[in-house]
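Reading through the structure tokens given below for one structure.
From a predicted model like this one, the values you see are computed outputs, not experimental measurements.
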Amino acid sequence: MINLPSEIATSTGMFLLGIVQALILLALAPLFSGISRMIRARVQSRRGAGVLQDYRDIAKLMKRQNILPDNASFVSKVMPYVLISTVLVVAMSLPMFTLASPFGAGGDLITAIYLFALFRFFFSIAGLDSNSSFSGLGASREVTLGVLVEPVLILSLLVIALAAGSTNFGMISSALATQSWNYPVATLVAMVAAMFAIFVEMGKIPFDLAEAEQELQEGPLTEYSGPAFALIKVGLSLKSVVVASVFVSVLLPFGAATELTFGSILWGIITFFIKLLIVFVIACVFENTLSRVRFMLAGRLTSVGFGVSVLAFVFYLIGL
């Protein structure tokens, strides 16, 4: 059985590793967003902006003044910080470089789901806080998408957790790394459903468009400017990277370090970012093969994903 001792997972060294990996993802989030925009431009036969454009945009926004509506409450002010802090906690808890969760208290599937829900709640409620009809439409769309997608993500990951015998991210990745699955069919089908839900949560077409600031997709952000808007852009980019990291680190755990040595952790870091880049590029390329659809038809697409997750749960119940 490939696993790290439980006392190591809660040690100070592992906790510091969790902080380091979260800060690395925070620094690289705009880069991955730039890669996504570059791939979209190349597929559409455009030159597009460079991969570092998001860094330049964030630096420019940080020099401007914050402007909020007069009737905005504290929700609009704290929302950017809530977005970043929630996804940073999830990033700390993922077994990215090792098979154990660096942040044991937060490295639980249920905790991560609640943190993602908190992210969506504040993102939506801030759109309603400004009393702007345009922001309100964007907020209602975000809530509706959460209602459609989150059950798929929850049920698919729950099936994998049941098959692994634990809801801890480190235990799940360790169980999948051993290749001795107790429920192989249920696990594989649940991975397909989880992959669908993660693709949607990354904000990909046909469910979202990262550059659609003037459409309903980014409606809640229309009242923001300056440093607050820069923090929100970082938070949204970071969420996309962290959600992809959930799939890479938990469901594709090969290459992660099995012991706390410099060589093992270094190899785990290299392997993780290679996997993350490959998954991110594949998702971006696949995104640009799809056409935009009416938002009211999103329920039909997500119902297919929910059906696959239910099928995985049925396979688990019958022992496959």
Side-chain angles (χ1 to χ4, degrees), residues 4 8-39 50-59 62 80-107 111-112 115-116 119 169-170 173 198 201-203 210 230-284:
L4 289 172
I8 294 181
T10 57
S11 66
T12 303
M14 289 294 288
F15 181 74
L16 293 177
L17 177 62
I19 296 177
V20 169
Q21 70 183 28
L23 293 178
I24 291 176
L25 286 190
L26 178 64
L28 294 180
L31 175 63
F32 279 93
S33 178
I35 293 174
S36 177
R37 296 172 62 176
M38 183 192 68
I39 293 175
V51 294
L52 302 180
Q53 182 61 44
D54 277 39
Y55 290 104
R56 291 190 285 267
D57 292 342
I58 291 170
M62 293 298 292
Y81 305 99
V82 173
L83 297 192
I84 292 182
S85 59
T86 51
V87 287
L88 279 178
V89 173
V90 177
M92 288 176 57
S93 65
L94 293 177
M96 297 180 187
F97 311 143
T98 66
L99 285 179
S101 174
F103 184 30
T111 303
L115 288 173
F116 282 133
F119 180 103
F169 282 138
S173 63
I198 287 173
E201 288 285 2
M202 288 175 66
L231 292 177
I232 294 174
K233 288 179 68 70
V234 174
L236 293 175
S237 301
L238 181 60
K239 182 193 175 184
S240 180
V241 176
V242 170
V243 169
S245 299
V246 172
F247 180 76
V248 169
S249 61
V250 179
L251 304 184
L252 300 176
F254 59 88
T258 58
E259 54 185 11
L260 288 180
T261 62
F262 178 78
S264 297
I265 294 179
L266 180 61
W267 175 248
I269 293 174
I270 296 173
T271 305
F272 169 78
F273 282 108
I274 291 176
K275 292 187 296 182
L276 181 62
L277 181 60
I278 292 174
V279 169
F280 212 87
V281 170
I282 291 176
C284 293

Between CG on residue Leu83 and CG on residue Leu231, distance to nearest 0.5 Å: 9.0 Å
Distance (rounded to the nearest 0.5 Å) between Met92 CE and Leu16 CG: 9.0 Å
Separation between CD1 of Ile265 and CZ of Phe97, rounded to the nearest 0.5 Å: 9.5 Å
Closest non-hydrogen atom pair, Gly235 against Val87: O-CG2, 4.4 Å
Heavy-atom side-chain proximity of Phe32 to Leu277 below 4.5 angstrom: yes
Minimum heavy-atom distance Ile39-Cys284, with the two atoms named: CD1-CB, 3.8 Å
Closest approach of Leu52 to Leu31 (non-hydrogen atoms, all atoms of both residues): CD2-CD1, 4.1 Å
Working for side-chain contact (heavy atoms from CB on, under 4.5 Å), residues Ser237 and Asp54: CA-CA 10 Å; Ser237 301; Asp54 277 39; 4.2 Å; yes
Validation row: Leu25, Met96 side chains within 4.5 angstrom (heavy atoms): yes
Partners meeting side chain to side chain contact (heavy atoms under 4.5 Å, CB included) with Ile270 (sequence neighbours left out): Leu266, Ile274
Point-to-point distance, once rounded to the nearest 0.5 Å, from CG of Leu26 to CD of Gln21: 13.0 Å
Donor-acceptor under 3.5 Å (Ser173 side chain, Leu99 main chain): yes
Less than 3.5 Å apart, which donor and acceptor atoms pair up between the side chains of residues 241-256 and the rest of the protein, not counting sequence neighbours?
from	atom 1	to	atom 2	distance (Å)
Ser245	OG	Val241	O	2.8
Ser249	OG	Ser245	O	2.6

Interatomic spacing from CD1 in Ile232 to OH in Tyr81 - rounded to 0.5 Å: 10.0 Å
Gap between atom OG1 of Thr271 and atom CG of Leu276 - 0.5 Å precision: 12.5 Å
Which residues share a ring pair (Phe, Tyr, Trp, His ring centres under 6.0 Å) with Phe119, sequence neighbours left out: none
